[in-house]
Amino acid sequence: AMPASSWRAVADDSSDIEVYFGCGCFWHVQHEFVMAEKKLLGRSDLQITSRAGYAGGSGMQDGKVCYHNAAQISDYGSLGHPEG
């Protein structure tokens, strides 16, 4: 992977696009994207656009999709959501 310090970013609101990355266990990757938005694009906490979540699947249970847990409550695996 290319280190964030070697990225060059150009902020141009007229050319915003949505980009999706599949990263397996994604929580640490979201942190890196948030830090890049702050450092490279000069965004404040209120301007951050990085989001992490589950892809695909058959829906939610009680309005939730959760990581594996002992109670098996809204477990993403049982709902068909792979980690992207």
Side-chain angles (χ1 to χ4, degrees):
M2 185 179 358
S5 60
S6 65
W7 296 352
R8 289 186 300 174
V10 177
D12 180 0
D13 289 336
S14 65
S15 63
D16 286 351
I17 59 171
E18 290 186 11
V19 179
Y20 297 88
F21 296 91
C23 300
C25 188
F26 48 73
W27 300 113
H28 70 287
V29 177
Q30 181 185 13
H31 171 76
E32 295 301 320
F33 278 107
V34 166
M35 297 311 294
E37 285 191 63
K38 288 180 176 184
K39 182 176 180 180
L40 301 174
L41 299 176
R43 292 183 175 163
S44 70
D45 288 342
L46 296 176
Q47 296 172 312
I48 298 298
T49 60
S50 176
R51 301 288 183 266
Y54 298 100
S58 60
M60 297 182 284
Q61 181 180 358
D62 299 324
K64 299 181 276 189
V65 176
C66 301
Y67 200 72
H68 297 305
N69 58 85
Q72 297 294 311
I73 298 170
S74 304
D75 183 279
Y76 77 89
S78 65
L79 295 171
H81 296 275
E83 288 192 45

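Not measured: the values here are computed from a predicted model. Computation of the quantities below employed the complete heavy-atom set of this structure, encompassing side-chain atoms and omitting hydrogens, waters and symmetry-equivalent molecules.
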**Student:** Can you find a pair of side-chain heavy atoms, one from Lys38 and one from Asp45, that are under 4.5 Å apart?
**Tutor:**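 Yes, close enough: below the 4.5 Å cut-off.
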**Student:** Judged by atom type as modelled, is there a donor-acceptor pair below 3.5 Å linking the side chain of Gln47 to the main-chain atoms of Ser44?
**Tutor:** yes
**Student:** Going by side chain to side chain contact (heavy atoms under 4.5 Å, CB included), name the residues that satisfy it together with Gln30, two or more places apart in sequence or in a different chain.
**Tutor:**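 Listed in chain order: Trp27, Val34, Ser50, Ala52.
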**Student:** Please report the closest heavy-atom contact between Arg51 and Ile48, naming both atoms and the distance.
**Tutor:** NH1-O, 3.4 Å
**Student:** Please list, chain by chain and in numerical order, all residues satisfying side chain to side chain donor-acceptor pair (under 3.5 Å) with Thr49, sequence neighbours excluded.
**Tutor:** Glu37, Arg43
**Student:** Sequence neighbours excluded, which residues qualify as side chain to side chain contact (heavy atoms under 4.5 Å, CB included) partners of Ala71?
**Tutor:**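 Only Asn69, Ile73 meet the side chain to side chain contact (heavy atoms under 4.5 Å, CB included) criterion with Ala71.
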**Student:** Each residue besides Leu46 in its hydrophobic cluster should be listed here, by chain and number; the cluster joins Ile, Leu, Val, Met, Phe, Trp and Tyr at side-chain heavy-atom distances under 4.5 Å.
**Tutor:**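 Grouped by the 4.5 Å side-chain rule, Leu46 forms a cluster of one, so the answer is none.
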